[in-house]
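The model shown is predicted, which means the values in this text are computed figures rather than measured ones.
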Amino acid sequence: VDVGYAALVGLPAAPRPPIVWQRWALIAATLAVVIALVITRRAPSPPTASPPTASRNQSPFTVPAAQTPTTINAARPPIEDERAANDWAEIVESLHDHDFSEARERLDEFESRYGQSNETRSLASQLDQLPVEEREPRRKKHKWKR
């Protein structure tokens with residue numbers, strides 16, 4: 001069958017070379033793992049020598065003087081469980097509320113349960129140094145529950 005015109009036949013294009021992104025992704029992941037291992041396995045540097053702050057004859061525990069309720073320093077003692085952390089948070093909350101008698105009572109309970117530390121002794125001495133009128137129990141505010 002003669003059609004009378006030449007038919008144009010398109011040849012398929014040359015195939016593209018395969019994308020090698022998988023190889024680059026594998027190289028990047030391996031490099032990230034190696035960097036993470038190097039960072040985590042690096043030996044820590046030795047501590048630097050710092051000049052001693054207290055003389056050898058002095059006790060490492062010094063009592064800061066409490067002049068006003070705003071100068072109370074309540075450093076957190078070493079706490080090992082959640083219950084102790086909650087009890088300490090209640091002490092700090094009493095301090096924030098300026099209810100120093102309640103804070104002192106809670107501190108006594110805390111020390112009887114978990115023992116004394118430099119931090120609890122420091123807070124106790126600061127609370128004991130407050131003027132008598134600051135240490136008197138405050139009238140309880142009713143906390144409304146919602």
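The minimum heavy-atom distance between Asp81 and Ile79, with the atom names listed, is O-CG2, 3.3 Å. Nearest heavy atoms, Leu95 versus Ala103: CD2-CB, 3.7 Å.
Within the 4.5 Å cutoff, no side-chain heavy atoms of Glu102 are placed close to those of Ile91. Residues Ser94 and Phe100 are not in side-chain contact: their nearest non-hydrogen atoms beyond the backbone lie 4.5 Å or more apart. Counting heavy atoms from C-beta outward, Gln116 and Pro77 have side chains that stay 4.5 Å or more apart.
Using cut-offs of 30° and 60° on the angle between ring planes, the pair Phe110 and Tyr114 is tilted.
Under the 3.5 Å distance criterion, the side-chain polar atoms of Glu119 are left unmatched by any main-chain donor or acceptor of Ala74.
A distance of 4.0 Å separates CG of Asp128 from CZ of Arg104, quoted to the nearest 0.5 Å. Atom CD of Glu111 and atom OG1 of Thr120 lie 4.0 Å apart (nearest 0.5 Å). With values rounded to the nearest 0.5 angstrom, Leu130 atom CG is found 11.0 Å from His98 atom NE2. In this structure, CD1 in Ile72 is found 7.0 Å from CG in Leu123, a value given to the nearest 0.5 Å.
Checked against salt bridge (Lys or Arg N to Asp or Glu O under 4.0 Å), Arg113 has the following partners two or more places apart in sequence or in another chain: Asp87.
Under a hydrophobic-cluster definition in which Ile, Leu, Val, Met, Phe, Trp and Tyr are linked whenever side-chain heavy atoms come within less than 4.5 Å, directly or via other members, Leu26 and Val34 are assigned to different clusters.
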* Quick one: do Arg121 and Asn118 satisfy side chain to side chain donor-acceptor pair (under 3.5 Å)? Show the steps, please. => CA-CA 5 Å; Arg121 284 189 293 269; Asn118 286 341; 2.6 Å; yes
* Hey, mind stepping through Gln129 and Ser125 against side chain to side chain donor-acceptor pair (under 3.5 Å) and telling me if it holds? -> CA-CA 6 Å; Gln129 290 176 8; Ser125 67; 4.8 Å; no
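At a cut-off of 3.5 Å, with distance as the only test, no side-chain donor of Ser101 or Glu105 sits close to an acceptor on the other residue.
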